[in-house]
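The structure appears below as structure tokens.
Along the sequence shown, residues are numbered consecutively beginning with 1. On a predicted model such as this, the values are computed, not experimentally measured, just so you know. All ligand and atom numbering here is 1-based and tracks the order in the structure.
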Amino acid sequence: MNYSHFYNDYIHAVYATPAAKDSLAACRVTERLPGVPFSIVASKDDIPEKHKNQKTVFLTATPGKKFGPCPGSKRHLCCNYLTINLYEGCPIGCSYCIMQAYLNFEPVTVNVDIEAITKELDEVIQSNPDTPIRIGTGETGDSLFYDPLFELSKNFIEHCAQFPNVYFEVKTKSHFVDHLLGIPNKGKAVVAFSLNPQEIIDAEEGIASSLAQRLEAADKAVKAGYLLAFHFDPIIRVKNWQEMYLNVADQLSQFEKGKIVWISLGTVRYPAQLKDRLGSRPWLYDEFVPCRDGKHRYIQRIRTEIYRSVAGWLTESTGAPLYMCMESPAVWRRVFGKISSKIDNLCAIFTKVHR
Ligand code: SF4
């Protein structure tokens, strides 16, 4: 990958704290993007106003919790996923991204203190030697958009590979997997792609890679020895949505059964403060209701209809375990007949981890 050619468009300034300035990540960025100004600041607050935007990267090694349970959503079933805040912020620019509502004027933060995060991780792994543990970095930003530049995911893949009960997941809307293919011991590392029909990618997903590029990257990853996961989130009920999502589901039949460890589903949802950014998109005229976590969702009947259809197509094409992200117990019962803890192939991946 030609780093300076590609990343020069997305990174106009790099700032680092004194503790982060000599990290491997800082060395890589200065070496690979020689034309991009690199400055030291005591904290994020000291970045000049003109650089407080998503084209600035802020490297930090500040102590503090960078690892913990996914915040989930009030009164919705949680999948007990653990998250590492490795990249906080994202330049891809999806219209529906909750972060667009509050992180737009923030530099993208990269937490380079891998050793400290790994220590926190090990404490949890050691307290749960027999529990399947799912850990991922795709909650606060795209796991792989900047990763060819900083190469931080490699550390976690290699580290987690020694624990047979740990699934380490990178989640992306890019196709940037080449730098991960040659890692010799991958353990149960999972390369996950968020998917949508190409028409929705074009309309809503900013500079994300195309569907074909993501599927091609998934093929490379699985051939290199990774497990795969897919996330259909958000599913948007646009005109002809059935045809479009059926087509994407069909394309997943190309992957060997058993290599896809999970697929998540989530219909589009938005907090009130994102509404203005979404403007007058035709799909917003559908029937949305405010839910108990403050987000607007399609009414239950519509959500149920969408989930039943998409889950049916995906079960047919992949046979993979499916779950819904941030959904109410009532919708779980309507779609799957029971809640996650009563579904055999989900019990394992939804097990609560002791901390
Ligand atoms: S790729 Fe993910 S984190 Fe980035 S803008 Fe889109 S939804 Fe947000």
Where does the angle between the aromatic ring planes of Phe6 and Phe145 fall among parallel (under 30°), tilted (30 to 60°) and perpendicular (over 60°)?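 Ring orientation of Phe6 relative to Phe145: tilted.
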
Indicate the ring-plane relationship of Trp313 and Trp241, choosing parallel, tilted or perpendicular according to the 30° and 60° boundaries.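 Plane angle between 30° and 60°, so tilted.
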
[X]: numbered ligand 1 atoms lying under 4.0 Å from its heavy atoms:
X      : result
Gly93  : 5 (S)
Lys173 : 1 (S), 2 (Fe), 6 (Fe), 7 (S)
Cys90  : 1 (S), 3 (S), 4 (Fe), 5 (S)

Where does Met99 meet ligand 1, judged by heavy-atom distances below 4.0 Å: at the side chain, the backbone, both, or neither?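 Met99 to ligand 1: side-chain contact only, backbone stays beyond 4.0 Å.
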
Output yes if Cys94 passes the N/O/S-under-2.8 Å test against atom 4 (Fe) of ligand 1; output no otherwise.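 No, outside the cut-off.
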
Glu169 versus Tyr81, side-chain donor and acceptor atoms under 3.5 Å: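 There is such a pair between these side chains.
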
Regarding Glu243 and Asn247, is there a side-chain donor-to-acceptor distance under 3.5 Å anywhere?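 No, no side-chain donor-acceptor contact under 3.5 Å.
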
My understanding is that only one of Val248, Leu211, Ile236 makes a side-chain contact (heavy atoms from CB on, under 4.5 Å) with Ile200; could you say which?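 Testing Ile200 for a side-chain contact (heavy atoms from CB on, under 4.5 Å) against Val248, Leu211, Ile236 leaves exactly one candidate, Ile236.
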
From atom 8 (Fe) of ligand 1, work out which of Ser143, Cys97, Gly206 has a heavy atom at the shortest distance.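 Among Ser143, Cys97, Gly206, the closest heavy atom to atom 8 (Fe) of ligand 1 belongs to Cys97.
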
